[in-house]
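Sequence lines set the chain letters: A, B, ... in the order given, protein chains first and strands last, and positions in each chain run from 1.
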Amino acid sequence: MDEQPRMMHSHAGVGMAGHPGLPQHMQEGTGGADGDGRKQDIGDILQQIMTITDQSLDEAQARKHALNCHRMKPALFNVLCEIKEKTVLSIRGAQEEEPPDAQLMRLDNMLLAEGVSGPEKGGGSAAAAAAAAASGGAGADNSAEHSDYRAKLSQIRQIYHTELEKYEQACNEFTTHVMNLLREQSRTRPISPKEIERMVSIIHRKFSSIQMQLKQSTCEAVMILRSRFLDARRKRRNFNKQATEILNEYFYSHLSNPYPSEEAKEELAKKCSITVSQVSNWFGNKRIRYKKNIGKFQEEANMYAARTAVNAASVSAHGSQANSPSTPNSAGGYPSPCYQSDRRIQ
DNA sequence: AACAATGATTCAGA
DNA sequence: TCTGAATCATTGTT
């Protein structure tokens with residue numbers, strides 16, 4: 001305030017004609033006769049604004065302050081804001097309103113369903129249980145699988161939350177910074193509160209698009225985790241020796257027609273403590289692999305044929321036929337090794 | 001580490 | 001729907 005008189009007279013050419021108070025037209029409304037005085041007044045202020053960059057930093061600061069305290073500043077500021085609002089902002093105004101993002105909603109729903117974004121416990125284990133049910137395994141070591149799944153899920157969850165928090169914090173910090181900056185600048189250039197608000201919403205949109213990327217990558221991580229959990233090939237366990245022997249015994253004793261019936265599969269499954277589909281898989285693989293390389297399986301075939309023969313002999317020696325194969329070998333099946341299971345060793 | 005064995009999946013065809 | 005064939009991914013062996 002105290003610098004005002006000095007400043008007002010610093011440029012002799014554009015001075016305010018030395019009047020101490022507000023000009024008449026500013027107090028009494030528009031008076032046609034005062035047009036020249038007003039023009040001069042505004043011209044003076046504009047001139048001061050234009051020359052502000054020529055000053056040293058201290059001088060400029062002082063000038064800025066003086067301008068800020070000038071009696072016409074609010075009026076000029078409002079007019080400039082109005083003009084700016086009408087021109088620049090109206091151009092962008094049309095495209096600002098956007099519909100709620102469907103993609104974002106999908107991501108949110110999925111994260112909630114997988115228990116990543118929801119309450120601490122529950123969703124993850126439910127998903128794990130569903131995955132386990134879908135995998136259709138025997139379920140003996142499911143608890144270990146579950147804890148592994150849950151551990152990895154909670155790891156994802158933790159990363160997601162810390163990242164989200166970081167983004168939110170960064171967003172807030174940046175917003176406050178920009179708001180302060182704009183408020184500060186609004187003292188020297190026309191920035192309306194509305195425009196600040198608009199800027200804030202732009203910042204929020206930008207940050208929420210970053211958040212969406214975070215959500216996207218989190219979803220991907222969960223999907224990968226789930227697919228790994230569901231993919232039975234990744235947790236393949238060899239059958240135990242006994243189960244393999246039972247299956248081989250059946251295979252080689254039915255070499256001419258190695259296609260167990262549904263009942264036979266069920267019985268084998270029970271004996272081997274595996275599922276019927278595992279029995280089917282095993283026979284499918286065995287048939288194709290045997291057919292591909294009979295020579296390689298020769299020895300194995302002979303061994304099982306011999307064993308079956310011994311078993312049959314001992315059984316018949318006891319006068320029982322309970323263990324005889326339900327579908328004996330016949331001509332027309334797979335090429336056979338030296339021994340046929342339904343033939344007795346001489 | 002390289003390789004073989006093995007259980008599971010996918011897909012075309014009957 | 002079942003099977004053969006090709007293939008994948010893991011386990012076991014050398």
Side-chain angles (χ1 to χ4, degrees), chain A residues 114 124 127-153 155-156 217 219-308 325-342:
Chain A
E114 294 296 334
S135 72
D141 53 354
N142 262 1
S143 57
E145 302 271 350
H146 275 204
S147 64
D148 193 35
Y149 179 87
R150 270 203 294 272
K152 291 203 169 110
L153 193 70
Q155 208 176 330
I156 291 172
S217 59
C219 277
E220 275 165 20
V222 173
M223 293 308 281
I224 288 166
L225 180 65
R226 277 200 79 165
S227 73
R228 288 185 74 90
F229 188 77
L230 284 169
D231 191 354
R233 281 183 294 198
R234 291 182 186 274
K235 49 179 182 181
R236 188 179 71 77
R237 296 279 183 279
N238 288 351
F239 298 154
N240 61 38
K241 207 171 175 188
Q242 199 190 350
T244 314
E245 288 203 350
I246 291 167
L247 294 168
N248 271 319
E249 225 164 87
Y250 188 99
F251 181 80
Y252 287 111
S253 65
H254 298 77
L255 205 52
S256 63
N257 186 32
Y259 297 86
S261 64
E262 201 55 34
E263 298 85 62
K265 280 183 195 171
E266 278 169 22
E267 201 182 327
L268 285 167
K270 202 189 285 180
K271 274 189 196 168
C272 302
S273 308
I274 57 177
T275 66
V276 173
S277 59
Q278 282 177 305
V279 174
S280 298
N281 283 337
W282 189 91
F283 273 88
N285 285 322
K286 189 72 184 181
R287 281 192 297 266
I288 190 75
R289 282 162 186 164
Y290 178 80
K291 203 174 103 179
K292 257 187 189 169
N293 195 349
I294 295 169
K296 198 178 79 180
F297 288 96
Q298 187 82 266
E299 204 177 320
E300 188 180 75
N302 290 342
M303 190 191 81
Y304 279 103
R307 190 182 299 185
T308 309
S326 54
T327 37
N329 276 342
S330 58
Y334 283 85
S336 303
C338 303
Y339 300 108
Q340 289 269 344
S341 64
D342 50 351

Q. Out of C:dC8, C:dA5, C:dT3, which has the shortest distance to the side chain of A:I288?
A. C:dA5
Q | Candidates B:dT6, C:dG4, C:dT11 - which lies nearest the side chain of A:K291 | A | C:dG4
**Q.** Closest non-hydrogen atom pair between A:F283 and A:L268, with its separation
**A.** CE1-CD1, 3.7 Å
Q: Kindly say whether, by distance alone, the side chain of A:R289 makes a donor-acceptor pair under 3.5 Å with the base of B:dG7?
A: yes
**Q.** Side-chain touch A:Y250/A:K265, heavy atoms, less than 4.5 angstrom
**A.** no
Whole angstrom value for the distance that separates [atom2] of [N] from [atom1] of [X]:
X	N	atom1	atom2	answer
A:N238	C:dG12	CG	P	5 Å
A:F239	C:dT11	CZ	P	14 Å
A:E245	B:dT6	CD	P	13 Å
A:N281	B:dA8	CG	C1'	6 Å
A:F283	B:dT6	CZ	P	15 Å
A:Q278	B:dT6	CD	P	15 Å
A:L247	B:dT6	CG	P	12 Å
A:N285	B:dT10	CG	C1'	13 Å

Q: Could you tell me whether A:K271 and A:E249 make a salt bridge, using a distance below 4.0 angstrom between a side-chain N and a carboxylate O?
A: no
Q) Mapping A:E262 and A:K292 onto DNA chain C by nearest heavy atom, which one lands closer to the 5' end? A) A:E262
Q. Touch check for A:K286, heavy atoms < 4.0 angstrom, all strands: base, sugar-phosphate only, or nothing?
A. nothing
**Q.** With sequence neighbours excluded, residues passing side-chain contact (heavy atoms from CB on, under 4.5 Å) with A:K270
**A.** none
Q: Look at the side-chain N and O atoms of A:R237 and state whether any lies under 4.0 Å from the OP1 or OP2 oxygen of B:dG7.
A: no
Q) Among all residues two or more places apart in sequence or in another chain, which pass the ring pair (Phe, Tyr, Trp, His ring centres under 6.0 Å) test with A:F239? A) none
